[in-house]
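Data block below; observations after.
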Amino acid sequence: MKLTGSQIVMEVLLEQGVDTVFGYPGGTALNVYDSLYDYSKKITHYITAHEQGAAHAADGYARSTGKTGVVFSTSGPGATNLVTGIATAYMDSVPLIAITCNVSDNMIGRDSFQEVSITGVTLPITKHNYFVNRIDDLADALRNAFRIANEGRKGPVLVDITKDVTAMKYDFEPRTPLPLSPNPKFNEKDIEEIADIINISKRPVVYFGGGVVSSGAQDELLELLNKADIPATYTMMAAGVIDYENPKNLGLIGMHGTVAANKTVDEADLVIALGTRFSDRVALNPNRFAHKAAIIQVDIDASEINKNVNINYSVIGDVREVLKALLPHVKATKHTEWIDQVTAYQKTVRVDMPGAKLRPKEIIDTICDNTDKETIYCTDVGQHQMWAAQYVKHHNMHRFITSGGLGTMGFGYGAAIGAQIANPDKRVIHITGDGSFHMNMNEACTAVTYNLPIITVIFDNRVLGMVYQWQTVFYNKHYSQTILNRKTDYAKVAEGFGLKGYDCSTLEEFEAAFKEALTINGPVWINCHIDKEERVLPMIPNGGTIDNMIVD
């Protein structure tokens, strides 16, 4: 059947099972949006306040469901506004399809109105991208985009389509989604070798990351921990894989990880790294990281092997597939002495601010104690992000959504919108700081328009908290451009957007506001005044080791 290019876009989305997209229209995208009007009963489009918010919403949708997020934009500034969202997804291996529309092919290279080579701009932050200026390439480019985004190490793919292609007609033949390339094959001998290493180890620990979530390896991981009696620690991208009440859960590792997690890795004789890349926020001193241990690394991306830390044994493959092959070779055992030693490390480190009326842990405890285990938490980036990673009572995968690799301030509200749209039956809590929130509060109009019951909790200390903390500890209290002292009245701003806002200075005020917020059918903001001297602890400085950990 003959269809226009814009109709082909819609048909391919339907082939891929897409029923939800985010975006913002514009001149070069008019044909696509005109077709979207005709397909509105099959594909629901959510317009955000800004294209960056749309990209983050598609990201949050993907992270909370395991599906592929889709975002539309027009050319020029519309497309460049997606860049931070695309880079965020790239750094955290999130499957995302960005469909942009460019000027017509005969105007390319003429500095036309709103012309940008978005494929050139995004080349370093996508798994692949396509510039489509021929109608006969369109369907295959889109189909391959979905395949590439989801095979191997997942990530974003951009498809840029010239406006004339969206108007042309072409013979379209429906197809089923392209099969994904098989995951890397691993050698059975390698599996047996690492099983032998695990079986003879006396002080093993598992360190896992987002690859466990991407591969859906939660059950296999838990089976390994229980069968071989191994404690485990994780990166932010894997929060929730192990229930926070599980005694084998050592908590977060790295710069702001727990004493137990960092000390256990430092004392281990074997580190089993699953789906994680030894980032500089974990292996702060690569030459000293797990210096007493042999290291096994399992990752689907061969480029991650030996990239940041020298390892002893490696298996390139999907984490779940590797664990399934490994488990029969791992002996059931008990590491009683080691577990007792690790248990002794598991002490909560908390420094009370003298006279503080409202503390971060108390806020998060109140949230967790009044919501269920299916609650989804979305954060921005900064101190509040670390407090959330440390104190949220994590229960399930896909329930803690945050920007890990890129550290994107302004990520949270858009991500929360995407997560809430994807999960209308679940409660979504957006945890942010006043610095991050000023970057994305415009998305309140989106939450109000679609009546999304997102509760935003603002940790308001009127400084750029994490940078302020570093300046306090390492820069002689030279507070260069980190003391904001903004006079924003969030309750009044919330009212202007058409939502309910609260202002809290004590725990009692927050408890009352949060309980009321849970009864409101729509978005809510709760501003929490906290002391600017509150710190995220423990803390290991860049380049430091467990010996340099600051705990008070």
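One is the number of the first residue; the rest follow in order along the sequence.
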Open item on the list: Between T482 and V463 (side chain of the first, backbone of the second, donor and acceptor by atom type, cut-off under 3.5 Å), is there such a pair?
Closed with: no
Open item on the list: How about OH on Y24, more than 12 heavy atoms from neighbouring residues, nucleotides or ligands closer than 6.0 Å, or not?
Closed with: no
Open item on the list: What I want to find out is whether E15 reaches R143 closely enough, with some N-O distance under 4.0 Å, to be called a salt bridge.
Closed with: yes
Open item on the list: Closer than 3.5 angstrom, by distance alone: can the side chain of Q16 be matched with the main-chain N or O of L142 as a donor-acceptor pair?
Closed with: no
Task: Centroid-centroid distance, H529 to Y490, less than 6.0 Å - done: no
Open item on the list: Please check this pair: side chain of Q420 against backbone of K426, looking for a donor-acceptor N/O pair closer than 3.5 Å.
Closed with: yes
Open item on the list: Nearest 0.5 angstrom please: S35 OG to Q7 CD, how far?
Closed with: 4.5 Å
Enumerate donor-acceptor pairs with a distance under 3.5 Å from any side-chain N or O in residues 55-64 to protein atoms, sequence neighbours excluded.
| residue | atom | partner | partner atom | Å |
| --- | --- | --- | --- | --- |
| H56 | NE2 | Q52 | NE2 | 3.1 |
| D59 | OD1 | R63 | NE | 2.4 |
| D59 | OD1 | R63 | NH2 | 3.4 |
| D59 | OD2 | R63 | NH2 | 3.2 |
| R63 | NH1 | D92 | OD2 | 3.1 |
| R63 | NH1 | T402 | O | 2.8 |
| R63 | NH2 | D92 | OD2 | 3.0 |
| S64 | OG | G60 | O | 2.9 |
| S64 | OG | Y61 | O | 3.2 |
| S64 | OG | N423 | ND2 | 3.1 |

TODO: Flag the pair Y450 / Y46 as yes when their ring centroid distance falls below 6.0 Å, and as no otherwise.
DONE: yes
Open item on the list: I'd like to know if E495 pairs up with K500 as an ion pair, taking the criterion as any Lys NZ or Arg NE/NH1/NH2 lying under 4.0 Å from an Asp or Glu carboxylate oxygen.
Closed with: no
Open item on the list: Donor-acceptor pair, distance only, cut-off 3.5 Å: does the side chain of S436 make one with the backbone of G433?
Closed with: no
Open item on the list: I'd like to know whether the aromatic ring centres of Y207 and F278 sit less than 6.0 Å apart in this structure.
Closed with: yes
Task: Side-chain (E115) to main-chain (D111) donor-acceptor, under 3.5 angstrom - done: yes
Open item on the list: Quick check: closest heavy atoms across G418 and F22, and the distance to 0.1 Å?
Closed with: CA-CZ, 4.0 Å
Open item on the list: Quick one: does any side-chain atom of H394 pair with a main-chain N or O of A389 as donor and acceptor, under 3.5 Å?
Closed with: yes
